[in-house]
Protein chains: 2
Amino acid sequence: MSESRAGSGGQGRVGGNLTWQAVRAEAIRRIREREWMPGSRIPDEAELAAELGCARATVNRALRDLAAEGYLERRRKGGTRVPETPVRKATFEIAVIRQDVEARGHRHGYRLLGDETGAAPDEIASALGLPKGTPLRHVRALHLADDAPFCLEIRWLNPELVPPERAVFDALSANEWLLRNLAYSAGSFGFSARTADAELAALMACPEGAALLAMDRTTFMDAVPITAATLIYREGYRLATTM
Amino acid sequence: MSESRAGSGGQGRVGGNLTWQAVRAEAIRRIREREWMPGSRIPDEAELAAELGCARATVNRALRDLAAEGYLERRRKGGTRVPETPVRKATFEIAVIRQDVEARGHRHGYRLLGDETGAAPDEIASALGLPKGTPLRHVRALHLADDAPFCLEIRWLNPELVPPERAVFDALSANEWLLRNLAYSAGSFGFSARTADAELAALMACPEGAALLAMDRTTFMDAVPITAATLIYREGYRLATTM
DNA sequence: CAGCGGATTAAGTCTATACATAATCCGATC
DNA sequence: GATCGGATTATGTATAGACTTAATCCGCTG
């Protein structure tokens with residue numbers, strides 16, 4: 001990584017030609033060691049650039065990166081400060097279910113359970129910003145890992161964007177079809193826990209009353225609702241990441 | 001296409017000064033409209049810069065951003081391509097529990113349930129990379145929202161970094177103490193669902209057998225283990241984000 | 001044909017400079 | 001003294017040019 005080159009710099013400063021990662025690391029060090037106190041304002045970019053002996057753009061890149069992760073707060077003219085109580089940001093990778101299964105070393109299987117169009121439940125319609133009773137396509141399917149239930153997919157779809165004639169989910173899951181055909185939409189999602197009722201227990205081959213991890217999503221494309229979905233994972237599933 | 005692009009974004013191009021967000025938006029448009037096919041390689045930065053009439057650094061910023069979100073895959077010399085099956089990235093904000101409670105409009109309360117030092121269970125020791133039987137400080141506490149149980153915090157701590165004399169958790173939670181005093185460490189975490197047994201049901205004031213969302217974390221500072229924690233949230237808790 | 005190594009390529013980065021923009025500060029005004 | 005508006009300021013962004021680095025490509029060799 002960073003080597004000090006001869007560089008013009010004086011003595012008290014770190015050698016010339018710092019990479020932005022080196023600046024980043026130095027900033028983290030100062031935060032951790034309370035050289036920059038929580039709540040306080042840190043020197044501005046120009047000062048740091050001069051002190052460290054690099055271009056302001058390099059400092060900018062480093063501090064912008066740290067701000068994105070929650071290590072710093074920046075405001076125009078307001079300067080950059082260390083947050084009093086930091087809010088760390090963690091990133092999850094949301095893959096296609098099939099990939100998730102395969103990444104865990106299992107064979108992915110898929111079974112379509114139902115697919116019909118009818119009036120949406122009120123809470124689904126409102127989550128998608130549609131008037132009550134709007135007809136939506138309702139699809140249920142089960143994803144398998146080595147023939148064992150892995151994830152139940154319950155979904156409501158905008159029938160204009162995903163018409164039953166054009167999008168058939170008996171072989172390819174809606175999950176994957178959407179990602180391939182309407183990829184790159186925006187929306188919200190959340191995680192919660194759900195108790196397996198008799199029906200769910202039968203589908204997921206788990207004891208009635210088991211706790212299952214559920215992930216719900218709504219997705220839009222340019223403010224047009226596409227789908228609201230709930231994915232219910234098998235007992236013991238753990239969604240992991242690092243930060 | 002020389003100059004016919006309509007609508008997209010705010011700026012008309014002509015003569016330069018596209019913002020990197022405009023370049024980003026244009027790239028997303030091409031991906032969505034299959035102008036750039038999944039799996040295919042897109043023009044390199046220099047070409048795009050020439051085509052769009054901006055500097056290569058601007059294109060770089062836009063494409064780097066998209067790659068970070070999973071819209072594109074980039075490799076040196078390999079060029080930039082549209083992933084066959086995209087892996088979207090979603091970001092959660094991990095706040096201090098007190099803040100989470102207050103953000104939901106409740107008064108935060110806190111009750112220390114226990115705090116003693118003893119040999120760690122094997123799976124905790126191994127998660128932290130410590131030899132079996134290493135003594136760890138074991139802390140349990142309950143976070144309240146308007147006097148109702150909100151989150152149970154179960155934690156093992158490295159007693160050298162968090163000695164019982166120096167860090168007392170009867171008023172300030174370990175959760176918050178750590179963030180204030182050993183902020184900015186790295187680690188992994190995951191979400192899962194857990195069934196409330198009799199003890200948990202009593203603590204969380206929920207029916208026995210209820211499904212609860214659990215978040216587990218291990219954190220390190222420069223490879224030195226700090227803590228392994230499990231946070232068990234009240235029934236019905238939903239962790240949400242947007243993407 | 002397999003394997004090695006150098007040439008080539010495209011992304012990654014740093015620099016210096018300039019201008020844009022959002023906040024804040026501060027003094028003038030009512 | 002409260003309000004408005006302009007000066008100030010730190011971050012945000014764009015640009016051209018040069019250099020670095022990781023991968024790939026490809027031709028040479030055994």
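Chain A is the first sequence line, chain B the second, and so forth, proteins listed ahead of strands; every chain is numbered from 1. Because only heavy atoms are used, hydrogens play no part in the values below, and waters and symmetry mates are left out as well, while side chains stay in.
- Between R56(B) and the options E51(B), E45(B), E47(B), a salt bridge (Lys or Arg N to Asp or Glu O under 4.0 Å) holds for only E45(B).
- Position along DNA chain D of the nearest nucleotide to I42(A) versus A57(B) favours I42(A) as the more 5'-ward residue.
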Grab the N/O contacts between the protein and nucleotides 5-9 of chain C below 3.5 Å, and write none if there aren't any.
unit_1: dT9(C); atom_1: O4'; unit_2: K77(B); atom_2: NZ; d: 3.1

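- A distance-only check finds no donor-acceptor pair linking the side chain of E153(A) to the backbone of H143(A) [under 3.5 Å].
- OP1 or OP2 of dT15(C) lies within a sub-4.0 Å distance of a side-chain N or O belonging to T58(A).
- Side chain of R81(B) to backbone of G39(B): a donor-acceptor contact under 3.5 angstrom is found.
- Contact annotation: T80(A) reaches the phosphate of dT11(D) (side-chain N/O to OP1 or OP2, under 4.0 Å).
- In terms of heavy-atom proximity, N175(A) sits nearest to I97(A) at OD1-N, 3.3 Å.
- The nearest whole Å value for the distance from the CZ atom in R74(A) to the P atom in dT9(D) is 18 Å.
- Across all their heavy atoms, P83(A) and P38(A) have their closest contact at O-CB, 3.9 Å.
- In this structure, R24(A) atom CZ and dT13(C) atom C1' are separated by 16 Å, rounded to whole Å.
- Computed from coordinates, the R81(A) CZ to dA23(C) C1' distance equals 13 Å when rounded to whole Å.
- OP1 or OP2 of dG12(D) has not a single side-chain nitrogen or oxygen of Q21(B) nearer than 4.0 Å.
- Taking the six-membered ring for Trp and the full ring otherwise, the centers of F150(B) and Y237(B) sit less than 6.0 Å from each other.
- Listed in residue order, the members of residues 60-68 of chain A having a heavy atom less than 4.0 Å from DNA chain C are R61(A).
- Using a 4.0 Å heavy-atom cutoff across all strands shown, E47(B) reaches no nucleic acid atom at all.
- Atom-to-atom distance recorded for L239(B):CG and D100(B):CG is 8.0 Å, nearest 0.5 angstrom.
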Would you please test T218(B) and F189(B) for side-chain contact (heavy atoms from CB on, under 4.5 Å) and show each step? CA-CA 6 Å; T218(B) 59; F189(B) 66 94; over 6 Å; no
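- If you measure from atom CH2 of W20(A) to atom P of dG12(D), you get 15 Å, rounded to the nearest angstrom.
- Looking at residues two or more places apart in sequence or on another chain, you find a salt bridge (Lys or Arg N to Asp or Glu O under 4.0 Å) between R238(A) and D216(B).
- One atom, CG of L52(A), and another, P of dT15(C), lie 11 Å apart when rounded to the nearest Å.
- The side chain of R75(A) places no N or O atom within less than 4.0 Å of a non-bridging phosphate oxygen (OP1 or OP2) of dA22(C).
- Considering only side-chain atoms of R56(A), the nucleotide from dT13(D), dA23(C), dT13(C) that sits closest is dT13(D).
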